[in-house]
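See structure below.
Model, not experiment: these values are computed from the prediction. Atoms considered below: every heavy atom in the structure, side chains included; atoms not considered: hydrogens, waters and symmetry mates.
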Protein chains: 2
Amino acid sequence: MNTEPPSISESSAPVAAELAGQAAASSNATPAFSPLYQQIKVLILQSLQSGEWKPSAAIPSEMDLAVRFKVSQGTVRKAIDELASENLLVRRQGKGTFVATHAEHQVQYRFLRLFPDSGDLQGEGPAQRQIIDCKRVRASADIARALAIRQGEAVLQVRRVLSFASVPTILEDLWLPGAPFKGLTADRLRAYQGPMYALFETEFGVRMVRAEEKIRAVLPDVEQCALLHTSAKTPLLSVERIAFTYNDTPMELRRGLYLTDTHYYRNVLN
Amino acid sequence: MNTEPPSISESSAPVAAELAGQAAASSNATPAFSPLYQQIKVLILQSLQSGEWKPSAAIPSEMDLAVRFKVSQGTVRKAIDELASENLLVRRQGKGTFVATHAEHQVQYRFLRLFPDSGDLQGEGPAQRQIIDCKRVRASADIARALAIRQGEAVLQVRRVLSFASVPTILEDLWLPGAPFKGLTADRLRAYQGPMYALFETEFGVRMVRAEEKIRAVLPDVEQCALLHTSAKTPLLSVERIAFTYNDTPMELRRGLYLTDTHYYRNVLN
DNA sequence: TAGTGGTCTAGACCACATA
DNA sequence: ATGTGGTCTAGACCACTAC
């Protein structure tokens with residue numbers, strides 16, 4: 001059997017039809033060996049990035065992709081497996097494989113780790129969201145560094161308060177790069193029902209894929225106190241988040257203050 | 001081909017040699033269908049739990065396990081893949097598959113998420129560890145609940161301070177169930193060099209596999225202030241951790257106070 | 001040279017969803 | 001009935017490590 005050998009970088013070059021080279025060196029040279037399924041993964045990633053497959057839409061079946069990339073179904077499968085484990089794709093048995101989105105009810109507020117002490121009404125997300133401000137400013141040095149742009153470039157700055165059961169609990173300041181989010185206004189934020197990251201997807205084509213947070217304990221200043229209806233002596237969680245889209249490109253800096261008297265930040269360690 | 005059909009719950013019943021039943025119902029009945037590799041995973045888990053394979057030791061090769069469990073190598077592979085992704089096993093190409101441990105330098109302090117602001121000397125773990133106290137007490141209501149034992153049962157209570165560059169940064173109180181940790185003393189803790197979870201493995205055969213943390217911002221009391229050389233006005237991160245061994249059995253409750261003026265708690269969101 | 005994990009294929013069959 | 005993802009097998013070959 002195996003009339004056509006499965007060599008990775010040889011003969012009819014399965015993947016080359018769409019992507020050149022990659023590990024196109026010779027056979028057993030050291031510089032960069034990339035298994036086939038990793039190359040397929042990159043190709044799928046590019047289609048996601050380019051918008052060929054939009055959020056919540058189905059991507060082609062494993063068999064179709066196998067034909068398209070000229071590899072076996074099992075190889076496509078392994079590539080999709082990894083993308084699914086990274087929450088970029090969602091598999092649904094019998095239905096297909098879909099582009100992940102922040103808008104689905106199951107995974108809404110995927111990046112929000114604050115939960116109420118009384119576990120009853122959990123994970124539903126904040127009951128009220130109040131946009132305080134949304135303005136265009138120039139990036140300071142630290143904002144620019146976080147967003148990987150140049151100091152002084154235009155960014156959008158948003159401030160909002162999230163409440164649980166009418167109790168202000170989270171005060172957030174956001175900075176977004178000006179170009180991709182051109183046209184975002186306070187009114188548009190207020191009008192949209194649902195998670196902000198879902199709005200970013202549908203209105204601006206920006207999918208947040210991964211985020212990193214730095215957490216500290218701090219005391220609020222007077223302005224923050226007023227917005228959160230708390231005192232200057234109440235310690236708060238400071239949560240600084242950088243959210244990334246494809247290719248590890250930072251697209252949002254978010255500084256949050258969390259009241260943790262009735263809620264806690266949850267983390268699981270593996 | 002395929003002289004022997006790969007039916008999951010039929011004929012020669014591959015796995016039944018070691019584990020009976022599981023999904024031993026009929027063919028297409030609804031109650032509990034478990035794929036073969038999941039059953040293999042359970043079997044491997046049992047061998048880990050029973051101590052048949054000890055931390056840092058190699059487990060049998062995929063081929064050997066395939067023969068032992070009477071399944072194909074690919075099925076064993078998928079079971080091991082999942083266990084590796086859960087950090088219970090570590091694969092090393094060309095060498096074998098090994099039981100994970102907290103003692104290896106790479107993954108030491110796997111559960112510690114505090115990092116210095118200056119990323120230079122990162123992830124090396126605390127420079128100094130000072131055992132303040134280690135005593136036998138009776139479990140209060142909340143301690144008992146966390147450890148899934150009865151109120152009033154014997155537990156060990158440990159208090160210690162971790163310092164980075166001679167600066168006290170973490171104050172921790174630990175509670176351990178009395179029975180599994182019988183014989184643990186302050187001197188023994190002091191004598192051991194290396195992570196505490198490594199000591200638990202080698203001296204008491206308790207492997208911590210997973211943990212959950214609840215994080216809040218708090219102000220310290222006077223005693224805590226003294227131990228951390230800080231003031232009552234300095235907010236601290238309160239980190240309450242429950243660590244689990246196999247079968248989701250809680251084996252440690254830990255309450256930590258982190259100074260976050262020169263360090264931050266890092267979390268990645270996917 | 002031998003043994004281990006890692007990749008890739010081809011084909012069969014099962015579980016699930018939909019028409 | 002059809003198509004999708006999910007499981008399982010068998011076999012070939014590659015990459016890495018050790019002896």
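- Within the 4.5 Å cutoff, side-chain heavy atoms of B:Arg207 are placed close to those of B:His102.
- Per the geometry, CD1 belonging to B:Ile80 stands 11 Å off C1' belonging to C:dT4, to the nearest Å.
- Applying the side-chain hydrogen bond (donor to acceptor under 3.5 Å, both in side chains) criterion to B:Arg190, with sequence neighbours excluded, gives no partner residue.
- Residues that satisfy the ring pair (Phe, Tyr, Trp, His ring centres under 6.0 Å) test with B:Phe204, not counting sequence neighbours, are B:Phe181.
- Residues that satisfy the salt bridge (charged side-chain N to carboxylate O under 4.0 Å, His left out) test with B:Glu213, not counting sequence neighbours, are B:Arg241.
- Regarding A:Phe69, its CZ atom lies at a distance of 13 Å from the P atom of C:dT9, rounded to whole Å.
- As a whole-Å value, the separation of A:Glu82 CD from C:dC8 C1' is 15 Å.
- Contacts between residues 55-64 of chain A and DNA chain D, defined by a heavy-atom separation below 4.0 Å, involve A:Ser61, A:Glu62, listed by number.
- Among the nucleotides D:dC8, C:dT9, C:dC8, the one closest to any side-chain atom of B:Ser72 is D:dC8.
- For the segment residues 85-104 of chain B, the set of residues with a heavy atom within less than 4.0 Å of an atom of DNA chain D comprises B:Gln93, B:Gly94, B:Lys95, in numerical order.
- Between the CD atom of A:Gln38 and the C1' atom of C:dG6 there is a distance of 12 Å, given to the nearest Å.
- Taking A:Arg113 as the reference, nothing meets the salt bridge (charged side-chain N to carboxylate O under 4.0 Å, His left out) condition, with sequence neighbours excluded.
- Sorted by first and then second residue, the salt bridge (Lys or Arg N to Asp or Glu O under 4.0 Å) pairs involving residues 84-102 of chain B (not counting sequence neighbours) are B:Lys41-B:Glu86, B:Glu62-B:Arg91, B:Asp81-B:Arg91, B:Arg92-B:Glu104.
- As rounded to whole Å, 13 Å separates atom C1' of C:dT9 from atom CD1 of A:Ile40.
- Looking only at side-chain heavy atoms (C-beta outward), A:Gln73 and A:Leu65 stay at 4.5 Å or farther from each other.
- Rounding to whole angstrom units, NZ of residue A:Lys78 and P of C:dT9 are separated by 12 Å.
- Applying the salt bridge (charged side-chain N to carboxylate O under 4.0 Å, His left out) rule to A:Arg266 yields the partners B:Glu212; only residues at least two apart in sequence or on another chain are considered.
- Straight-line distance from the OH atom of A:Tyr37 to the P atom of D:dC14: 18 Å, rounded to whole Å.
- Between the CG atom of B:Leu36 and the P atom of D:dT7 there is a distance of 11 Å, given to the nearest Å.
- In this model, the phosphate group of C:dG6 is approached by a side-chain N or O of B:Arg77 to a distance below 4.0 Å at OP1 or OP2.
- Residues passing the side-chain hydrogen bond (donor to acceptor under 3.5 Å, both in side chains) test with A:Asn270: none are found, sequence neighbours excluded.
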